[in-house]
Amino acid sequence: MAGPEKTYYITTPIYYVNDDPHIGHAYTTLACDVLARFKRLDGYDVKFLTGTDEHGQKVEKSALAAGMEPKAFTDKVSRNFRDLDALLNFSNDDFIRTTEERHYKAVQHLWRRLVERDQIYPGSYAGWYAVRDEAFYTEAELTKGPGGKNIAPSGAEVEWVEEPSYFFKLSEWQDRLLQFYEENPGFILPKSRRNEVTSFVKGGLLDLSVSRTAFKWGVPVPGGDNHIIYVWLDALTNYLTAVGYPQTDSGEYAAYWPADLHMVGKDILRFHAVYWPAFLMAAELPTPKRVFAHGWWTNEGRKISKSLGNVIKPCDLVEKYGVDQVRYFLLREVPFGNDGDFSHQAMVNRVNSELANDFGNLAQRTLSMIHKNCGAAVPDPGDLTEDDQALLAGVHGLLGALRGKMEVQAFNEALEAMWEQIRAANGYVDRQAPWKLKNDDPERMKTVLYALAETIRHMAILLQPFMPDSCARMLDQLGVKEGNRAFQHLGAGNALAPGTVLPKPEGVFPRYVEDDG
Ligand code: MSP
């Protein structure tokens, strides 16, 4: 039987294992998780990939500092990233590690392919290198830092490196890249980032050093001579490895490549939007459809850094506010693509006013009234008034609007569109005052409660990608079976069946109460 034809392949960057997971890692993967869940619920066959980037000088140094062999060290830290996936309820289909056999095979194959196409030549590199970024910089990009140290635009310290190296003919790809950006305006989002990349490429591209000899922790260059492959060429190839490359004629590569979306932070856009498509074009492989560069978080207005001691640990946030609350906040608080500031106050405001008050109360009020006044079963609606119809028309139109927002990764706008409906529903409750109808007009009360329950069913289905656990609990309370929770089950055709017996309602979104103890 043929599988579903709509496929969606989405990737996170693979994370350096020099550090424990922090809010930045959680943020990138969360954005991908929400898109992956959205697409699955919308009928796509999704592959969602994350993993760890385990080679290079930076990881080797961290292993050394921890007094461990690189492999033992990466085994340990990589596990922390898998734990992060479980903690935040990420639904990735695969977790790749660059130290895996399948990855060595893919990277070396891609290397040979580039050699065969005359894209790589031997030479020697003399220039600046920042271990923190694992990146080369030209003299012109540097500034002077404290103590006269040379500093890269990222803020990382650079060191002078001289060693034999293979080069990739990046300079040959300048015009093709510019043409590619021009023809594919959706390749780099947000738009402001596209301009940034375009001007970088227009400024001229130098050939790129793609092997190192100063240390050993990496994938060997095929053909020996003691070179290892530059960690970014190694790392970027993970997106191909995970779909079975070098096998290209069948299997996952045939189904999923090119990737629909590489999600990255703004700091690593250049690697994904310049080097990666150039490598792929040079290897005559299809290029990904989009790279989205999101912004960075600060903590209570300050840059997050280990030396400032203000690193935000995802496990602390989840413990304090709850997993779905954290997922909601991170994607609601700032327009995706912009930088954002984390503050306890902002978090509490969102949790209490939007989750507990707006959405939580709407569900709790409605379900409690049904429980008490309708024999704990979905009530039978009578004729719908204009007000009822307007409420339902609003939620029936939501999926179309959301698809448009999610297509361009506008998470905060998608959530805002949903909250407009939630607020509309709260206005409807106030106008209709079902608690009064209980005595005045019980039949009308049933119709009002039915319209509200249907509204909540829609909202809980549509919000699943953002808050999977809470929405599942809400759908349980509405008696919606697990097989009826995909987007195809929205709409009047799958409306709640009157008479369905409902469990005793329980609040799903508690208020955050300050612990003054
Ligand atoms: N290993 C490379 C990626 C290779 S992909 C082929 C790498 N790893 S990383 O561990 O440094 O990646 C970190 C990811 O977390 C990046 O997307 C980065 O933008 C993101 N963040 C790190 N700190 C961040 C914040 N303070 N805020 C938001 N995201 C940040 O780069």
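Note that ligands are numbered from 1 as they come in the structure, with each ligand's atoms numbered from 1 the same way.
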Asker: Nearest heavy atom to atom 13 (C) of ligand 1: which of Arg132, Lys266, Lys303, His25 does it belong to?
Answerer: His25
Asker: Side chain of Lys58, backbone of Val131: donor and acceptor closer than 3.5 Å?
Answerer: no
Asker: Are any of the N/O atoms in Tyr16 less than 3.5 Å from those in ligand 1?
Answerer: yes
Asker: Which atoms of ligand 1 sit under 4.0 Å from any heavy atom of Gly265?
Answerer: 17 (O), 19 (O)
Asker: In ligand 1, which numbered atoms sit nearer than 4.0 Å to a non-hydrogen atom of Pro13?
Answerer: 3 (C), 5 (S), 17 (O)
Asker: Begin with the C-alpha distance, continue with both residues' side-chain angles, and end with the deciding distance and a verdict on ring pair (Phe, Tyr, Trp, His ring centres under 6.0 Å) for Phe329 and Tyr321.
Answerer: CA-CA 10 Å; Phe329 174 83; Tyr321 305 108; 8.0 Å; no
Asker: Can you list the ligand 1 atoms lying under 4.0 Å from a non-hydrogen atom of Asp53?
Answerer: 1 (N), 2 (C), 4 (C)
Asker: Atoms of ligand 1 less than 4.0 Å from Ala235 heavy atoms?
Answerer: 6 (C)
Asker: Does NZ or CZ of Arg403 lie under 6.0 Å from the centre of the six-membered ring of Phe487, at an angle within 45° of the ring axis?
Answerer: no
Asker: Is there at least one pair of N or O atoms, one from Asp267 and one from ligand 1, spaced under 3.5 Å apart?
Answerer: yes
Asker: Can you spot which of Leu240, Leu236, Val219 makes a side chain to side chain contact (heavy atoms under 4.5 Å, CB included) with Val107?
Answerer: Val219
Asker: Looking only at distances, please establish whether an N/O atom of ligand 1 is found under 3.5 Å from an N/O atom of Ile14.
Answerer: yes
Asker: Give the atoms of ligand 1, by number and element, whose distance to some non-hydrogen atom of Trp297 is under 4.0 Å.
Answerer: 25 (C), 26 (N), 27 (N), 28 (C)
Asker: Grab the two heavy atoms, one from Lys303 and one from Asn310, that are nearest each other, plus how far apart they are.
Answerer: O-ND2, 2.9 Å
Asker: May I have the step-by-step check of side-chain hydrogen bond (donor to acceptor under 3.5 Å, both in side chains) for Asn412 and Glu416, ending in yes or no?
Answerer: CA-CA 6 Å; Asn412 66 310; Glu416 182 52 37; over 6 Å; no
Asker: Give the atoms of ligand 1, by number and element, whose distance to some non-hydrogen atom of His294 is under 4.0 Å.
Answerer: 28 (C), 29 (N)
Asker: Heavy-atom contact under 4.0 Å between His22 and ligand 1?
Answerer: yes
Asker: Taking 4.0 Å as the limit for heavy-atom contacts, which would you say applies to Phe271 with ligand 1: side chain only, backbone only, both, or neither?
Answerer: neither
Asker: What about Tyr239: any of its N or O atoms under 3.5 Å from an N or O on ligand 1?
Answerer: no
Asker: Starting from atom 12 (O) of ligand 1, locate the nearest protein heavy atom and write down its residue, its atom name and how far away it is, to 0.1 Å.
Answerer: Tyr15 CD2, 3.7 Å
Asker: Tell me whether Trp296 has any N or O atom under 3.5 angstrom from an N or O of ligand 1.
Answerer: yes
Asker: Consider ligand 1: state whether an atom of it lies below 4.0 angstrom from any non-hydrogen atom of His272.
Answerer: yes
Asker: Any chance the rings of Tyr275 and Phe168 have centres within less than 6.0 Å?
Answerer: no
Asker: Does ligand 1 have any atom that is closer than 4.0 Å to a heavy atom of Gly295?
Answerer: yes
Asker: Heavy-atom distance to atom 20 (C) of ligand 1: which of Ile304, Asp19, Thr28, Ile268 wins?
Answerer: Thr28
Asker: Could you walk me through whether Glu134 and Tyr129 pass the side-chain hydrogen bond (donor to acceptor under 3.5 Å, both in side chains) test, one step at a time?
Answerer: CA-CA 7 Å; Glu134 297 282 18; Tyr129 192 77; 2.5 Å; yes
